[in-house]
Amino acid sequence: MSKVALITGATRGIGKEIALTLAKENYDIAINYRTENDEVQNTKNEIEALGVKCLMIKADVSNFEDCKELAEKINEEYGRIDVLVNNAGITKDTLLMRMSENDFKDVIDINLVGTFNVTRNIIPYMIKARSGRIINLSSVVGISGNAGQTNYSSSKAGIIGFTKSLAKEVGSRNVLVNAVAPGFIETKMTEVLKDDVKNNMINLIPLKRAGKVEDVARVVKFLASDDSSYITGQVIQVDGGMLM
Ligand code: NAP
């Protein structure tokens, strides 16, 4: 029986690449998406073309009931869940002086509360199986902070605390919990940045290039695999040396 991986917010960008990478490792895939569009069916087709199953489940990760149904559907369809990648995330960047209450709350609700909502509903299955891997997408700005991102960096710092606390709670059940902290990765999330902002960031990166979605997906593959069986509670930066 194939192992099963759930990736949230995975119809594009980093999440999609993680789903394709794990599909190539023969995982059956469950993908969560929020917005109905062509990307959803395209992603399903690309994954199934790799010879594995792909279940697509619409759910807003900031809604606890949606996440409960998400976990139940995966259990009904596959009967197991081996890997959870909490990838869904948004930005609403602006200086604190201009930030609305909703700009702050929306980012926390999706990035941090969403990570709780999905994990809380999936973890009973992992504990019962005495096996599981949880990989949370944080960010280097959750470690360093970043002007214009008090909401986003708070959510990503929160994910680091969540990761370490949960790793301590469930390690004895053979459930391993780690975070990946990407730097500047080329996706739809970062394409909105102005060219001079992008060039300034690249100048600060010792490897002198933006990261690719594959750079992140390969690390997630490692953290999902048996090769990382003695690693838990860690934050792995994938940032070309941007933050040391
Ligand atoms: P992206 O291209 O904007 O993709 C984000 C995905 O999350 C989309 O599929 C989006 O779906 C989904 N999503 C957003 N809100 C959701 C919700 N409430 N419920 C379910 N899905 C939702 O972003 P990305 O660059 O691939 O980022 C992926 C993750 O990596 C995020 O957690 C991000 O914070 C983190 N990260 C990215 C970078 C970077 O440089 N790109 C750096 C550090 C960390 P919709 O189409 O419905 O919005």
Side-chain angles (χ1 to χ4, degrees), residues 6-21 30-44 56-71 84-93 102 105-119 121 134-146 149 151-160 162-163 179-193 197-198 201-202 204-205 209-217 219-220 235-240 242-243:
L6 163 64
I7 305 100
T8 65
T11 57
R12 63 165 192 262
I14 293 171
K16 179 175 179 178
E17 186 61 28
I18 292 169
L20 288 167
T21 301
I31 279 185
N32 145 253
Y33 66 97
R34 175 179 62 164
T35 312
E36 212 68 71
N37 56 31
D38 289 347
E39 288 173 327
V40 177
Q41 192 57 43
N42 291 344
T43 303
K44 182 173 166 67
M56 308 294 289
I57 307 168
K58 187 173 162 75
D60 179 343
V61 297
S62 65
N63 181 309
F64 190 83
E65 280 305 311
D66 276 13
C67 296
K68 189 164 179 273
E69 284 172 26
L70 168 78
L84 162 62
V85 184
N86 281 305
N87 168 80
I90 62 162
T91 52
K92 286 197 175 183
D93 298 352
N102 282 345
K105 281 187 174 166
D106 289 351
V107 172
I108 299 290
D109 279 353
I110 292 177
N111 297 5
L112 180 57
V113 181
T115 297
F116 164 77
N117 288 343
V118 181
T119 307
N121 284 293
I134 298 172
I135 301 147
N136 297 322
L137 269 290
S138 179
S139 164
V140 289
V141 305
I143 302 166
S144 64
N146 194 24
Q149 291 195 308
N151 49 4
Y152 183 77
S153 54
S154 301
S155 73
K156 295 299 182 179
I159 285 172
I160 293 174
F162 179 90
T163 299
V180 174
F184 170 36
I185 311 295
E186 284 169 342
T187 66
K188 202 165 178 179
M189 184 177 272
T190 49
E191 80 185 9
V192 294
L193 298 172
V197 175
K198 287 186 194 170
M201 273 201 279
I202 288 170
L204 292 173
I205 299 172
R209 67 167 177 89
K212 297 186 185 314
V213 289
E214 293 86 348
D215 294 317
V216 180
V219 175
V220 173
V235 183
I236 316 283
Q237 288 175 225
V238 185
D239 66 354
M242 187 189 222
L243 179 72

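Numbering of ligands and ligand atoms starts at 1, following listing order. Every heavy atom of this structure was used, including side-chain atoms; hydrogens, water molecules and symmetry mates were not.
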For [X], the ligand 1 atoms whose distance to one of its heavy atoms is below 4.0 Å:
X     : result
Asp60 : 17 (C), 18 (N), 19 (N)
Gly13 : 26 (O)
Ile90 : 14 (C), 15 (N)

Distance from [atom] to nearest protein heavy atom, with residue and atom:
atom                    : value
atom 26 (O) of ligand 1 : Ile14 N, 2.8 Å
atom 6 (C) of ligand 1  : Gly9 O, 3.3 Å
atom 17 (C) of ligand 1 : Arg34 CD, 3.5 Å
atom 23 (O) of ligand 1 : Met189 CB, 3.6 Å
atom 40 (O) of ligand 1 : Ile185 N, 2.8 Å
atom 13 (N) of ligand 1 : Ala88 CB, 3.9 Å
atom 11 (O) of ligand 1 : Arg12 NH1, 4.2 Å
atom 5 (C) of ligand 1  : Gly89 O, 3.7 Å

Atom NZ of Lys198 and atom CE of Met201: how far apart are they, to the nearest 0.5 Å?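 Reported value, rounded in 0.5 Å steps: 8.5 Å.
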
Does ligand 1 have an atom under 4.0 Å from some heavy atom of [X]?
X      : answer
Thr8   : no
Gly183 : yes
Lys16  : no
Ala59  : yes
Ser138 : yes

Does any part of the side chain of Asn32, heavy atoms only, come nearer than 4.5 Å to the side chain of Val61, both counted from C-beta?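 Of all side-chain heavy-atom pairs linking Asn32 with Val61, at least one is under 4.5 Å.
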
Set of side chain to side chain contact (heavy atoms under 4.5 Å, CB included) partners for Asn63, sequence neighbours left out: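 Partners of Asn63 by the side chain to side chain contact (heavy atoms under 4.5 Å, CB included) criterion, ordered by chain and then number, come out as Asp60, Glu65, Asp66.
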
Using side chain to side chain contact (heavy atoms under 4.5 Å, CB included) as the criterion, list what pairs up with Ala10, not counting sequence neighbours.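 Expected list: Ile7, Ile31.
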
Evaluation steps, side chain to side chain donor-acceptor pair (under 3.5 Å), between Asn86 and Thr8: CA-CA 6 Å; Asn86 281 305; Thr8 65; 4.5 Å; no

Sub-3.5 Å N/O-N/O distance, Glu39 and ligand 1: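 No.
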
N/O separation below 3.5 Å, Tyr33 to ligand 1: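 N/O-N/O distance below 3.5 Å does not exist for this pair.
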
Of the listed options Val118, Val61, Val141, Thr187, closest to atom 41 (N) of ligand 1 (non-hydrogen atoms):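 Residue with the shortest heavy-atom distance to the ligand atom: Thr187.
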
